[in-house]
Structures are given as C-alpha cells and as structure tokens.
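One structure is given here, and the rest of the page talks about it.
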Amino acid sequence: MTQWSMRISAYAERLLQGLEKIDWSESIKETQRNWIGKSVGATVVFPLIPQRGTERPGYLTGGNNAKLLLERAKEMRNNPTPAEAALWESLKSKNLGDKFRRQHPIAEFIPDFVCLSKKLIIEVDGEIHDDQIEKDQARTEILENLGYKVLRFRNEKVLGNLEEVLSEIKSTLDNREIPPQGARGISVFTTRPDTIFGVSFMTLAPELDLVQEITTPEQKADVDAYIEATAKRSERERMADVKTISGAFTGAYAEHPFTKEPIPIWIGDYVLAGYGTGAVMAVPCGDQRDYDFANHFGIAIPNVFEGVDISEEAFADKDNTVIANSDFLNGLKYKKAVKLAIYELEKIGAGSGKTNYRLRDAVFSRQRYWGEPFPVYYKNGMPQMIAKEHLPLELPEIEKYLPTEDGEPPLGRAKKWHWDTNTNTTVAVAEGEEPPQGVWGMDLNTMPGWAGSSWYFLKYMDNTTADGSIPKEALDYWGNVDLYIGGSEHGTGHLLYSRFWTKFLFDRGFISIDEPFQKMINQGMILGTSAFVYREEGTQTFLSEGLIEGKKTQPIHAPVAFVNASNELDIEAFAKWRPEFKDAIFMLEDGSSFSPSGGDVRRTEGDSVYKVGREVEKMSKSKYNVVNPDDICNQYGADTLRMYEMFLGPLEQAKPWNTAGITGVHSFLKKMWKLYHSSPSASKGGTPLMDEDTFFVTDEAASKDSLKTLHKTIKKVASDIESFSFNTSVSTFMIAVNELTSQKCTSKEVLEPLAILISPYAPHIAEELWSKLGNETSISAATFPVFDAKHLVESSKEYPISFNGKMRFKLELPLDMNKDDIEAAVMAHEKTQQYLEGRTPKKVIVVPGKIVNIVG
RNA sequence: GCUCGAGUGGUGGAAUUGGUAGACACGUUGGACUUAAAAUCCAAUGUCCAUUAGGACGUACGGGUUCAAGUCCCGUCUCGAGUACCA
C-alpha cells in the first residue's frame, strides 16, 4: 500500500538540540532523546570475497526468464522509438557521469534505460501507456522494492525538451545515495570503529535480500531453514526472548578492510533489519551480544583491549579502554582510537564517520474516514497537488464509515470524490463509469490525528485568514505556548510531531517560533486501586487472598464497588454480576467455603469473609476500578472535590485515588463559610450560635493581626501559584481561616480579598460569598489582591538558640539588634550558662534574623 | 541491561538561598456537648528512656564537607517510570 509519510528523520538533530532550550520535565526530554536515538560512529564497508563457482557478475540482474527476455531486449534495442534514440545519445558513454544500459533485463522486466551503479531506471512512455497505468504502477512497485528508482518521461517531452529531461536525470543521479549493499560489499554502522581489529565475524539480519545473494549452495538449506524459523516467530516473541541465541552461517566471507583477512558472514535475529544497514561487524570482545553469539557458535574472540580479561564476558567500558593487537591503534584510548580509525578508513575509501538516528519517518496516512483529506488527485497514477486557492476540501458524504468491499479506505465509498481539473471542484463519477476528460480520482487516505494536533495552537492566534496562514502580528503577540499541561503519554507522538511541524513551518518562514511549547508540566494521573479475586486454575473455585500462596491461581478483576474498605467482597453481588460465576464456590479467609447459588455450604459468622487482593493501576473500565467523581460531588460538592484533588500532593505526582482525608477539606470549606456568617460574638460557651443563613461581614476596620494573616496568605498563595504548588496553597488557606476564626474577624477589608484569593480553588463558594458581599459582577473578573509587606513587618524575632547545632531554647530579641548585642544577650541568659556547664564557647555564630549557634 | 525520578511519623504530605525537621490535613486516643448518634468544639499524638524536669535517637543505608545537612559531595540499597537485541 502506498502511504504518505513525513520526513521527521530529517529533523532528528534539531529536535534533539531544541530540547536544551525548553523547560520540560527531564523525563519527557529523556524519552524524546531515546526515541531520536542518536549514535555517533562510522560506516565501514567490508568487500565481499567472491565465491568460486557461485560468482555472478553484478550486471546480471534478470530473473529466471532472463534468457527469453534478452532475446526480446535485443530486438527492442534494434528498433528504438525516436524518443528512445534521442535520449540514448545523451545517456550513453557515461555522458552524464554514470554508465547507463539500454533495454536491460531486470527481474522480469526490460526497462528502457538503467544505471546499475545508482540503481536508477528511466522509462520513456508513449500513448500506449495511458491504457496500462495500473500495470505500470505494479511494475514500478516491484522495481522499487528491488531498490531501484524509476523516472518516467513522455515521448513528447523527451523530443520537445531534452534539456529539462536530462537535467532532471542528472540531479536525480547526483542526489542518489545507493544502498552500498550488493555485489560490492557489506556496509555496517558501528559506534566502536576503534575495535575494528577485533572483528571476527559479521552478522546480517535474516530479512535482508542480500542474504539470498551471498549464501553458498552448501549453506542454503541451513540458511533457508533459519529464515523460515525466524519468520514464524512474531515480533513480540523475538523481543521477549532475548536470551536464546540463534543464527546460521551463510558460507560467504567478507574481507577485513585493514588486515584483508576473510571474515565469515552469519545471519542472526539479534540484528534488526530496520536499524542502520541491517548488518553489524561483530566484535565479540567488546559487545556482549556478539560475545554470546561467538561463544555459542564457537567463533574466535580476539582481544583488542590492553590488560582486560575477556574470558567471562565482553568488555564494553569505553572510559577505561586502551586498544591493543590493533596495528596502528595500539596503545590509544577510546576517543583517539575512534578518530584515527575513521581517518584511516576514509583514507582507504572503506568507510567514513557517520551519525545514526533511530528516529523513523512517520507514516502520515490513515485508512479511516475521520481526518483531514489529502488535497491530491492521481493523474495517470502520479499524485498531483490541488492548488491552494481551491482549498479547503471537505470530506465527502459516505453511507458507511467502513472500508470498501475490495479493501479501499472508507473514502472509496464516496460518490463525489473525483477532481475535475476543468472546474477545480470535486465531482461525482458514477460507479463503473470511466471519468470524463480531465477528471481524476482523489486520494482515499486521510491524515492522522497528529496532523491537526501538531499545529492547532497556531490557529488559536488568528482564525480570520482565508488561506489559513497566521498573520505576523498575531504570531509576534502570542509567541509560543507559555505553559502546556498534559500527560507524558504523548511524549513520542504528539509532543514530538508538533515540535517537528513547528520547526518546519519556521524554516518555511510561516511562523517566527521554532519550538511550540516553552514550558510543560506533566500532571500526575489519579490511579485506581483494583480489586482481584483469585480463581484456582481450571476450576470454578475462588480463593480468598490469604489462601492463594502455593496455589496456581488466575487473578480476575472484581468491580471495586463490590468491595468494602476492609477488602471484603460482597460475594452475592459478585456472583450475580457475571452469569459464569453464578455457580462458583468461594473459599473464605478462615478456610470455610460458600456457594452463593445456595449449595449446602453456608457462611458462618466471624472471619468467614472473602478478601480480595489490591493493586494500584491506571483507572480503566476494563479493570473495573473506576470511581465516579459524581458520588463525591453529590456528597461533598464540586468545590470539595476540586480542592481535595489539589490538596492531595504535588501536581506532577501520580497517586491512587483515596478519599480518606476528604472530610478535612470539606470541613475547612464549612469553617470558611462560617467565617462569613453569624456573629462570633453571639457564641455561647465556645459554641457559636449557628445561623448559617445570616450573612455577617462588617465594615469595621480589620485588626492588625487579621491584616497580617491576610497579607501573608496573599504572599504565599501568589508564590505557590507561580510554582504550581497548589497543595501548599490549600494548607495556607486552612491556616488563614483558622487564624481569622480565632481572631473573630468579621471585617470586609480582610474577608473580601480572601474570597478572591480562594476563588480559583473553590470557585462556587467564592462566587456565592462574593455576591453576598454585594458585588454585581463575577468574582472571576475581580482584581487579585496586592501584597503589602508593611503588614508583615516584625519588630522582634524569636531566635532559636542552638548548641553545637542542636536547638535548645528560644529567645525573643529585637530584630534591629546588631550581632554583638545579640551575642551578649544570649551569653547573658541563664539557660545559656546552664547548657554550657561552665565551659567557654569556642565560637558563637550569629545570623541576624535567623539563628544563633554556640560552639564548644 | 540502560536512562530518568523518588525514598521524611500510622497515612497524604510541608520545610524559599544549608539555619528551629514533621507545617496543613487524615487517622488514633482522651474530653466537652447529647437520652443516643451525627455535627461541632477542646486536648494529646515521630520513636525510645524518664514520675516530673528533662534526655537520647531520628528524613532508605554507610561515609564526607560545614559552626550547622532532609537539603551539598562520594558510595550502597530499595521502589517507581520510560526504554530496550539500536551495533
């Protein structure tokens, strides 16, 4: 299936570097670094040593019918079309720098021209090709799978504008990096070129086509059997089973670029086809996987490290590496050896320094309905962009949001999904009918979710332009997103893709930022506490948690609603929940058994309960551990729920949902409500006469203490908000309300700003109080109270007096007292003398406003 | 395996630049009010020793720096998260 993909890999290095200048959590940056997976090293080419008898020249590229094809090819060469003849004049004799062959068999085809060294095919099409677009497409696909690139030109173009055709061919040739595999040699990527003299074999991924090419007839049976066995194992199996070592010898040898020794070539599934070139130079003394492989198959393990014992395991410590037995690298440390090895490789043309990234290009097509459609139609099988002025496209209506019967994406069902190049609109083409002249089928894929999520925030800056561009003024005003609060689960998806898009749009000059989200906070998840019942394997008997030890049981999630705070299961409810449990037998904690379907065993009193096991997991319907916040809202109100979630702990921290303690927040809100209601003076014997409906806030001037309470609260809450430390704000409010209550504060001067402070935390109650205070507009529009330091000015400080760092007693002293006077006052104190027990202090440390420490 | 984070009372968690460890809340215990319960209020609550006064020990463990370390440095252990035959 042809799919669109995005070349995010081209941005790998910049995506990596950009992480340095954004304020994200270390863990998510690390996730992205791992995902990008940069490794610095070298590519090294190991020439293949030709096999006697199996040698096959590189130009014999035809398939099994090559002999028949060759006859036909000769005939075609002798009867070129005018266009072919014209082009051949310019291609032959390395006119463009690379050797071309004409009418040369490749697999089952005879392309017009081919450059084998660059694996480039040129086809010149006449009228006839309009009728066999699909056939040509299939042919192109097969050729591309063999590693060829196919360029197609029309006869008219070759004859009419040969210059342009040639320049296109030339630039394709120049930009084309041919995969270095093939008849010439095997290219590998290594991060340890310093250990190149330790190579004792090579390993290829079994999937590589090259394996078939190089395997000797004697080894073919072995190799085929191994490939078949690996193909059977699923990706997951291969990943889970890292321990088992397996592989097969191909019979082929490569030549060591420096020593010219023959290196045996193996295949093994520990080498991944998708990374690097799918081939490794195995250095068993320096890599544990190579070491294990060599040990398993009895391959030599030459040691290239000075003074290191490798009889037990490989030595992979770069920092302590000194190279030995390695010709010109002897005696060098890791860094120098790497440098020199690359230098020497480049000198003999056998390799070069290279940086590899694990990051893969991202597939951008989805075979779904819901998604942005591609503005693309296919003319003679070639994709054509629909011009910008005809956009946007709208999704066509379809009857069912399902793939078509012959496996096309849902858009294949749409009637009106052809592009009319005459009118530049989508038009309908009746089923089974040929589209009229100039009408072409459109792309049936849609874009994935991250198409929109990668740039939607830009759209918020301005949505007024018709072409979707963002005006510079809007961009300059908003800049990038200041704060992004989201889950870390998008670390390698959305959060990487949007960085990539932003950089791309920046490069094209559409926007002036090159990172989308300046600061990110990953809020912790509220987790669920799952409950488990344990079914004994192969039976319908459930064992209570205390009985499972030593038994083979299968844990099954039980709905947490059936379990009480003591982990006891409501057996009847559980058995009724699923029909298959209705006849189950439950072995209870004390060893007795119980059958809810009314068997002869009945429950006795006391310890006869079924206990469930508990585990903290993500909340999920499938785990039956979801608790519904509605119940909390109904019982305590939304403000309590909101505040309790904030009170639980730091924003970033994940934690299991546990309502123990919610009463504390709830009673705080009640206390706060009381602060604005009823008169504390109307209390009797410490118990206020409660009349919660009587609003009671006065215009009296607030006491000094109350103003102090208010302003220290403003200060703390303001700084807590800056640092996203909402849990400490909540306790600050609790302290404030406790203090104001004991101060019997009723003053509007204090209580009104307090309501504003608390409004982001308990918006409903705050709004209600705000309105009762006589305000007409919403509290959310009120000005945040301004901190005034003058209310916190203290004249004295209760100094902690410590002896050898241990606090012994406190002493109240004026804050404006200088160091010497403080020392004198402390030394004069009777308790000081008591703690000194007659000794003379060696030293007295006085930190004014902080602490006094007496040493000695 | 690798990378990143985190280890503080019975529990959730505080502690700004090294400067009074355990704020605030839950829980527990005792008390007030009540026929009773709920609600509310008051008191105690790190551990150990001590009748009290008071003392010793305490921030995963072992060292170090400092007048002073939960905080800084070195080493170890445990837990959590991410990632994984990536050459």
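In what follows, chains are A, B, ... by sequence order, proteins preceding strands, each numbered from 1. These values consider heavy atoms only, across backbone and side chains, with no hydrogens, waters or symmetry-generated copies. Quantities reported herein were computed from a predicted structural model and do not represent experimental measurements.
- The local environment of CH2 in W35(A) is sparse, with at most 12 non-hydrogen atoms from other residues, nucleotides or ligands closer than 6.0 Å.
- Straight-line distance between the C1' atoms of A32(B) and A37(B): roughly 16 Å, to the nearest whole Å.
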Table of protein N/O atoms under 3.5 Å from nucleotides 59-61 of chain B N/O atoms:
none

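- Although no hydrogens or angles enter the test, the distance criterion places no donor-acceptor pair under 3.5 Å between the side chain of K716(A) and the main chain of T732(A).
- Taking 4.0 angstrom as the limit, K843(A) places a side-chain polar atom (N or O) nearer than this to OP1 or OP2 of C67(B).
- Looking at D269(A), its side chain comes within 3.5 Å of the base of C85(B) through a donor and an acceptor atom.
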Quiz item: Quick one: what's the B/S/- string for nucleotides 22-34 of chain B, heavy-atom cutoff under 4.0 Å, read 5' to 3'?
Solution: -BBSS--------
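- In the model, S9(A) has no side-chain atom that pairs as donor or acceptor with a side-chain atom of Y357(A) under 3.5 Å.
- In this structure G70(B) sits in no base pair that meets the Watson-Crick or G-U test at under 3.5 Å.
- N804(A) meets the side-chain hydrogen bond (donor to acceptor under 3.5 Å, both in side chains) test with no other residue; sequence neighbours excluded.
- The backbone N or O of I765(A) sits nowhere less than 3.5 Å from a side-chain atom of W673(A) that would complete a donor-acceptor pair.
- For U40(B), one of the phosphate oxygens OP1 or OP2 lies less than 4.0 angstrom from a side-chain nitrogen or oxygen of K670(A).
- Base pairing analysis places G1(B) opposite U83(B); the two distances defining the Watson-Crick or G-U wobble pair are each below 3.5 Å.
- Distances shorter than 4.0 Å separate some side-chain N or O of R289(A) from OP1 or OP2 on C86(B).
- Aromatic pair Y644(A)/Y636(A): centroids not less than 6.0 angstrom apart.
- For E312(A), the CD atom is loosely surrounded, since the number of other residues' heavy atoms within 6.0 Å does not exceed 12.
- Relative to the side chain of K655(A), the nucleotides G12(B), C85(B), A84(B) differ in distance, and G12(B) lies closest.
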Considering only nitrogen or oxygen atoms on both sides, find all protein atoms under 3.5 Å from nucleotides 52-56 of chain B and state each distance.
| from | atom 1 | to | atom 2 | distance (Å) |
| --- | --- | --- | --- | --- |
| G55(B) | OP1 | Y835(A) | OH | 3.3 |
| A56(B) | OP2 | R808(A) | NH1 | 3.3 |

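- Judged by closest nucleotide on RNA chain B, P650(A) is the one of R358(A) and P650(A) placed further toward the 5' end.
- Ring planes of Y484(A) and F517(A): tilted class, angle from 30 to 60°.
- Comparing the P positions of A56(B) and A21(B) gives a spacing of 13 Å, expressed to the nearest Å.
- Taking only side-chain atoms of L648(A), from C-beta outward, the nucleotide of C85(B), A84(B), G12(B) with the closest atom is G12(B).
- Of the candidates Y334(A), F315(A), F197(A), F315(A) is the only one forming a ring-ring contact (aromatic ring centres under 6.0 Å, His included) with F305(A).
- With sequence neighbours excluded, the residues forming a side chain to side chain contact (heavy atoms under 4.5 Å, CB included) with E823(A) are M827(A), V844(A), V846(A), listed by chain and number.
- Distance check on atom C1': G12(B) versus G22(B) gives 13 Å, rounded to whole Å.
- Atom CD1 of I801(A) and atom C1' of G19(B) are 12 Å apart (whole Å).
- D269(A) places no side-chain N or O within 3.5 Å of a backbone atom of T230(A) that could act as its donor or acceptor partner.
- U20(B) and G31(B) have their P atoms separated by 37 Å, with the value rounded to a whole Å.
- Here the separation of U71(B) from A14(B), taken at their C1' atoms, is 14 Å to the nearest Å.
- Nucleotide G18(B) is matched to nothing when pairs are restricted to Watson-Crick or G-U wobble geometry with both distances under 3.5 angstrom.
- C24(B): Watson-Crick or G-U partner is G12(B), with both key distances under 3.5 Å.
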Protein-nucleotides 3-10 of chain B N/O pairs closer than 3.5 Å?
| from | atom 1 | to | atom 2 | distance (Å) |
| --- | --- | --- | --- | --- |
| U3(B) | O2' | E30(A) | OE2 | 2.5 |

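- Only the P atoms considered, A25(B) is 11 Å distant from C42(B), to the nearest whole Å.
- Closest-nucleotide positions on RNA chain B for I845(A) and I851(A) were compared, and the one nearer the 5' end corresponds to I851(A).
- Remark: the separation of the C1' atoms in A15(B) and U35(B) is 48 Å, to the nearest Å.
- In this structure, CZ of R360(A) is placed 13 Å from P of A84(B), rounded to the nearest angstrom.
- Between atom CE of residue M619(A) and atom OG of residue S530(A) there is a gap of 9.5 Å, rounded to the nearest 0.5 Å.
- For the pair Y291(A) (side chain) and I310(A) (backbone), a donor-acceptor distance under 3.5 Å is present.
- In this structure, the side chain of S200(A) engages the main chain of A300(A) through a donor-acceptor pair within 3.5 Å.
- Taking atom P in both G63(B) and G27(B), the straight-line distance is 40 Å, to the nearest Å.
- Within the shown strands, C42(B) is the pairing partner of G30(B) under the Watson-Crick or G-U definition, both distances less than 3.5 Å.
- N356(A) contributes no side-chain N or O that, together with a main-chain N or O of G41(A), makes up a donor-acceptor pair within less than 3.5 Å.
- Annotation: the span from L651(A) atom CG to I521(A) atom CD1 amounts to 5.5 Å, rounded to 0.5 Å.
- When the side-chain nitrogen and oxygen atoms of Q653(A) are compared with OP1 and OP2 of A81(B), none of them lie within a distance under 4.0 Å.
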